Every structure is written in C-alpha cells, then in structure tokens.
Amino acid sequence: MTVARLGDWRRTHQAADIRPEMEGEEVVVMGRVGDIRDLGGIKFFILHDVSGFVQVTAPKQKTPQAILDQISKLTQESSVAVRGKVVRASQAPRGVEVVPSEIKILNLAETPLPLDPLGRVKANLDTRLDARALDLRRQEVRAIFRIKNVALQAIRERLLSLGFVEVHTPKIVATATESGAALFPISYFEREAFLSQSPQLYKEVLTGAFERVFEVGPIFRAEEHDTTHHLNEAISVDIEVAYATASDVMDILEDLIVRAFKAVADRCGSELETLDHRLEVPKTPFPRITYTEALQILEKAGVKIRWGEDLPTPAERKLGELVGGAYFITDWPLAIKPFYTMPKEEDSKLSESFDLMYDWLELASGGTRIHQHDLLVRQLKSKGLNPESFKSHLLSYRYGLPPHAGWGLGLDRLTMVLTGRENIRECVLFPRDRRRLTP
Ligand code: ATP
Ligand code: MG
C-alpha cells in the first residue's frame with residue numbers, strides 16, 4: 001500500500017462547503033475517514049474535516065477498479081485526499097456527495113483503534129486521555145476547546161480594549177509565591193530553581209511600568225491530591241492594575257466573566273448543543289458576601305466552620321447549593337491569604353481579598369496587594385518566609401511601586417463551567433496530574 005505525500009494536491013473546498021448547487025464541479029477535499037460502507041453495487045465513506053463532513057460515493061460500474069481497491073483498503077481515521085465531481089444526491093447526508101476520480105491515501109490508520117472517535121462506543125476518561133490524540137478528534141471534545149478559545153478571545157479582546165498590556169513572565173523562578181509546599185523543584189545548572197506557581201510577583205512589579213498588565217500562561221502546582229478540579233499544570237489568566245483596589249478589579253472580573261459567557265452563548269450554539277449544555281449568562285452585579293457571612297450561611301445549614309479556616313470542598317459545595325451561580329466571597333481572614341495580600345484598614349485580621357465562585361467551584365482569587373515595602377517585609381516574616389530570598393523582588397517596593405490590585409482566574413476551571421464538564425481533565429488538551437505525565 002502506498003502512503004502518499006501531499007505533493008501538489010491542495011484542498012479546493014472544506015467538506016461543509018460542498019453543496020448540492022455545486023453539481024458537476026470538480027473539487028479536492030481532504031480529511032479523515034469516518035464510516036465506510038460497501039453495499040454491493042456501491043462503496044462509500046464519510047470524509048470528516050474540521051468544518052464537518054461530506055460523503056464520498058463510488059458506484060462500482062462507473063468507478064475505475066484502482067479507486068475501488070483503494071476504498072477497500074481504507075480504515076477509519078485514515079487521512080485521505082479525494083479529487084472528484086460533486087453530485088446532487090437526495091439519499092446522501094446533506095443531499096450531496098463527491099464521486100471520486102482520484103484518491104490519495106495520505107496516511108492509513110492502524111486497526112483496531114484504541115477508542116471510537118465517532119463516540120458511539122463510550123470510553124472512560126483514562127482510556128480517552130491515554131489515546132488523547134484520537135480522543136481530541138471527537139466532535140464533543142473539540143467543542144470544549146472551541147468554547148475555551150472563544151471565551152479566552154472575549155477576555156483578551158476586552159482587556160486589550162481597556163488598555164492592558166499582555167506580558168510574559170518567567171516560568172523558571174527562584175522563590176515561592178503561594179506556599180512553599182506546592183512547588184516543583186527543578187535543577188538549574190548548579191542551583192535549585194522552581195516552576196512558577198503564579199506570575200504574582202512579576203505582574204505586581206510590572207504595574208510600576210505599564211500600570212495595567214495581563215498574562216495568560218501556565219501555573220505549576222505540586223498538588224498531591226487527586227481532585228476533579230486541580231491539575232499540576234493549569235492555565236491562569238492573571239491581571240494586575242495600578243492605582244486600583246480589590247473592588248475595582250472585581251468589577252473588571254465580573255464584566256469579563258459576563259462577556260465570556262455571552263461570547264460562548266452567541267458564537268458556540270452548535271458546540272453547546274453537541275455538549276448538551278444549557279448556558280445561562282450570569283446576571284450582574286454578582287452577589288458579594290463576606291467570608292464571615294458565608295460561615296453564617298453555612299452554619300444555618302448545619303455546616304460548622306471555625307472562623308479563620310479555609311472553606312473545605314464540602315463546605316464550598318454546600319455554599320454552591322445555597323447561593324449558586326457566580327458570586328464573590330470577600331474579606332477573607334488575612335492569615336489564610338498569601339503574604340502579599342493587603343490587610344483591611346479597619347480590621348487587620350481581615351484582608352482586602354476575594355474569591356470568585358461559580359456554584360461550588362473557585363474560579364478566581366484576587367485582592368488589593370501590599371505596596372508598602374516595610375509592611376510587605378513584616379508579612380513575609382509572619383508567614384515564615386525569608387525576606388532575603390525576596391531581595392530583588394522587594395527592590396521595586398523601595399522605588400515607589402504604585403498601589404495595585406489584581407486577580408488570577410483559572411481558565412480550565414472557567415471552561416468546566418462554560419461547557420458543563422465535571423472534571424477539569426476534560427478541559428485541558430494534555431492534562432498533568434499526580435499519575436499522568438504522558439501523553
Ligand atoms: P484551590 O483553593 O481551589 O486549590 P487556590 O486558592 O490554591 O485554589 P489560587 O492560588 O487562588 O488557587 O489561584 C488562582 C486560580 O487559579 C484559582 O482560583 C483556580 O481557578 C486556578 N487554580 C489554582 N490552582 C489550580 C490547580 N491546581 N488546578 C487548576 N486550576 C488551579
Ligand atoms: Mg484561591
């Protein structure tokens with residue numbers, strides 16, 4: 001069997017663009033082979049490409065034997081190029097077919113496939129992720145990533161229109177930002193370095209130069225636990241804004257979330273249908289409850305959390321039932337927020353911080369940051385961190401860094417909400433977790 005190169009063949013049309021009105025036209029289509037059938041007098045297969053599909057039909061009496069032989073050799077998921085004539089055919093799906101005059105088999109897929117890319121045979125998530133290259137060809141899976149793309153585009157366009165500068169900060173870093181335990185060490189020549197947990201410190205420093213910055217990039221967390229919403233590598237959308245406070249950046253976040261929902265609702269109707277997911281654009285303003293109020297709501301429902309403790313997942317689930325939709329939890333105890341979090345002026349046990357929740361799931365965390373050098377050093381020490389290791393970072397605080405606020409939004413978690421998926425692994429092309437480092 002010859003497996004051909006592309007050579008000088010080029011597509012003239014995408015599959016979905018082939019229409020009955022084009023009857024008689026010669027076209028070249030390229031794509032993956034779906035269902036193949038042999039009905040005695042006629043052989044046909046479905047050719048899928050990124051636009052959709054078209055049927056390729058070879059009536060035995062009118063088709064050269066060489067082409068019939070090629071079709072007989074085809075396997076599902078092989079890549080092919082077909083040159084042929086468009087024929088109006090009421091019995092064909094979409095009322096049209098391509099009758100081949102030449103076929104190039106570009107790559108023949110081995111059989112059996114480890115999973116059914118047409119999705120008729122259900123596979124469990126691990127099997128799907130092991131064969132992710134094939135799994136990603138499924139319409140349902142592609143729908144997730146198209147939605148993720150559309151949401152991110154809406155967010156990025158809005159931030160750019162608000163005068164934000166998109167930045168890229170180092171992912172190889174010398175110190176922790178969130179908490180020492182969750183760092184991945186790497187060997188960096190003769191020293192130890194770490195994979196960045198968050199662009200936090202860099203984006204803060206950048207407000208001194210650009211005032212409004214954002215970054216879309218990976219964060220690395222050495223989370224040991226196996227949950228439906230944690231990965232060891234995730235994509236975070238981070239912003240930081242000079243001369244702003246927590247409430248200003250909450251307004252920005254709320255607006256972006258609504259825009260992302262609207263963009264997906266407007267532009268991804270067929271993807272949402274494929275996923276059988278109904279999207280409801282959240283109403284603004286999002287409810288804003290304080291941490292202390294959240295504890296009271298939980299206590300009334302019989303869930304007791306001691307003031308000062310972080311909300312464990314079961315409590316978040318309960319709160320999701322009781323409040324629901326998109327809402328903010330503000331004014332967290334300072335002690336459970338990172339060292340750069342600004343204490344509340346009226347009560348230094350509290351902080352100017354917030355989490356954005358969607359039902360039970362934390363989507364984002366943010367707040368006003370400390371911009372005063374001495375206070376930052378005090379907070380570092382109170383968290384048991386050594387200010388010496390933050391020496392170069394602290395420099396900009398000595399040189400007039402403006403007051404600033406920002407947040408980090410988990411893009412993969414936002415995608416869970418937008419697509420109605422319950423496991424974050426479905427929303428990441430090649431997820432990294434405690435057990436999975438390949439593919
Ligand atoms: P959680 O409490 O859910 O573990 P976190 O408070 O540690 O999250 P932050 O440091 O606040 O996370 O990070 C900002 C956002 O980045 C989170 O709200 C979340 O959407 C996303 N994020 C953080 N860690 C992960 C992770 N391990 N996997 C996927 N997304 C994450
Ligand atoms: Mg958080």
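For ligands, and for the atoms within them, numbers begin at 1 and follow the listed sequence. Residue numbers start at 1 and run along the sequence shown. Only a predicted model underlies this, so the values are computations on that prediction, with no experimental measurement involved.
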**Q** Relative to ligand 1, is Glu223 under 4.0 angstrom through side chain, backbone, both or neither, heavy atoms considered?
**A**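 Contact part for Glu223 vs ligand 1: side chain (C-beta onward).
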
**Q** Counting each atom of ligand 1 from 1 as listed, which ones have a heavy atom of Gly408 under 4.0 Å away?
**A**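 Answer, ordered by atom number: 14 (C), 15 (C).
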
**Q** Based purely on interatomic distance, does Ile219 place a nitrogen or oxygen under 3.5 Å from a nitrogen or oxygen of ligand 1?
**A**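 No - when backbone and side-chain N and O of Ile219 are compared with those of ligand 1, no distance drops under 3.5 Å.
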
**Q** Are the side chain of Arg413 and the backbone N or O of His229 linked by a donor-acceptor pair below 3.5 Å?
**A**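 Indeed, once roles are kept as given, a pair shorter than 3.5 Å links the two residues.
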
**Q** Who gets closest to atom 17 (C) of ligand 1 by heavy atom: Arg221, Glu362, Met357, Lys337?
**A**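 Comparing heavy atoms across Arg221, Glu362, Met357, Lys337, the nearest one to atom 17 (C) of ligand 1 lies in Glu362.
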
**Q** Relative to the heavy atoms of His229, which atoms of ligand 1 are at a distance of less than 4.0 Å?
**A**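 By the 4.0 Å cutoff, the relevant atoms are 28 (N), 29 (C).
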
**Q** Give the contacting part of His230 toward ligand 1: side chain, backbone, both or neither, where contact means a heavy-atom distance below 4.0 Å.
**A**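 The answer is both, backbone and side chain.
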
**Q** Quick one: are Arg10 and Val28 in side-chain contact, heavy atoms under 4.5 Å?
**A**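 No, their side chains stay 4.5 Å or more apart.
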
**Q** Does ligand 1 have an atom that lies less than 4.0 angstrom from a heavy atom of Gln197?
**A**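 Gln197 does not count as a contact of ligand 1 under the 4.0 Å cut-off.
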
**Q** Tell me whether the count of non-hydrogen atoms from other residues, nucleotides or ligands lying under 6.0 Å of NZ in Lys349 goes above 12.
**A**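 No, NZ of Lys349 has 12 or fewer neighbouring heavy atoms, counting only those of other groups under 6.0 Å.
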
**Q** Run the numbers for me: atoms of ligand 1, each under 4.0 Å from some heavy atom of Ser365, listed by number.
**A**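 The atoms of ligand 1 under 4.0 Å from a heavy atom of Ser365 are 11 (O), 18 (O).
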
**Q** Do the non-hydrogen side-chain atoms of Ile336 and Glu309 ever get within less than 4.5 Å of each other?
**A**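 The answer is no; the side chains never approach within 4.5 Å.
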
**Q** Closer than 4.0 Å to some heavy atom of Ala234 - which atoms of ligand 1 meet that?
**A**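 Those qualifying, in numeric order: 28 (N), 29 (C), 30 (N).
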
**Q** Hey, are the side chains of Leu256 and Phe214 touching, using non-hydrogen atoms and a 4.5 Å cut-off?
**A**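 Counting from C-beta outward, Leu256 and Phe214 never come under 4.5 Å.
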
**Q** So, do Phe354 and Val249 sit near enough that their side-chain heavy atoms are less than 4.5 Å apart?
**A**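 Side chain of Phe354 against side chain of Val249, heavy atoms only: contact under 4.5 Å found.
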
**Q** Is there any N or O on Ser236 that sits under 3.5 Å from an N or O of ligand 1?
**A**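 N/O-N/O distance below 3.5 Å does not exist for this pair.
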
**Q** For Glu362, what is the atom name of its N, O or S atom nearest to the Mg ion (ligand 2)?
**A**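 Closest to the Mg ion (ligand 2) among those atoms: OE2.
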
**Q** For the residue pair His48 and Phe53, categorise the inter-ring angle as parallel (less than 30°), tilted (30 to 60°) or perpendicular (more than 60°).
**A**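 Correct class here is tilted.
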
**Q** Side chains of Thr292 and Trp307: do they bring a donor and an acceptor to under 3.5 Å?
**A**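 Per modelled atom types, Thr292 and Trp307 side chains form a pair under 3.5 Å.
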
**Q** Closer than 3.5 angstrom, by distance alone: can the side chain of Arg267 be matched with the main-chain N or O of Val150 as a donor-acceptor pair?
**A**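 Not a single qualifying donor-acceptor pair exists.
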
**Q** Would you check if Met250 and Thr330 make a side-chain contact, meaning some heavy-atom pair closer than 4.5 Å?
**A**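 Answer yes - side chains close enough.
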
**Q** With atoms numbered from 1 as shown, which atoms in ligand 1 lie under 4.0 angstrom from a non-hydrogen atom of Ala364?
**A**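 Near Ala364, the atoms of ligand 1 are 18 (O).
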
**Q** Measure from atom 30 (N) of ligand 1 to every heavy atom in Arg413, Gln200, Met416 and give the option owning the shortest one.
**A**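 The residue whose heavy atom sits nearest atom 30 (N) of ligand 1 is Arg413.
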
**Q** Ile424 heavy atoms, cut-off 4.0 Å: which ligand 1 atoms fall inside?
**A**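 Contacts of ligand 1 toward Ile424, numbered from 1: 29 (C).
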
**Q** So His230 and His225, would you call those rings parallel, tilted or perpendicular, with 30° and 60° as cut-offs?
**A**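 Because their plane-to-plane angle is over 60°, the rings of His230 and His225 count as perpendicular.
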
**Q** Regarding Asp355, does it place an N, O or S atom less than 2.8 Å from the Mg ion (ligand 2)?
**A**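 Under 2.8 Å: Asp355 has no N, O or S contact with the Mg ion (ligand 2).
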
**Q** Any heavy atom of Leu231 closer to ligand 1 than 4.0 angstrom?
**A**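 Yes, that is the case, since the closest heavy atom of the residue is under 4.0 Å from the ligand.
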
**Q** I need the contact type for Asp355 against ligand 1. Using non-hydrogen atoms and a strict under-4.0 Å cut-off, is it side chain, backbone, both or neither?
**A**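 No part of Asp355 comes within reach of ligand 1.
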
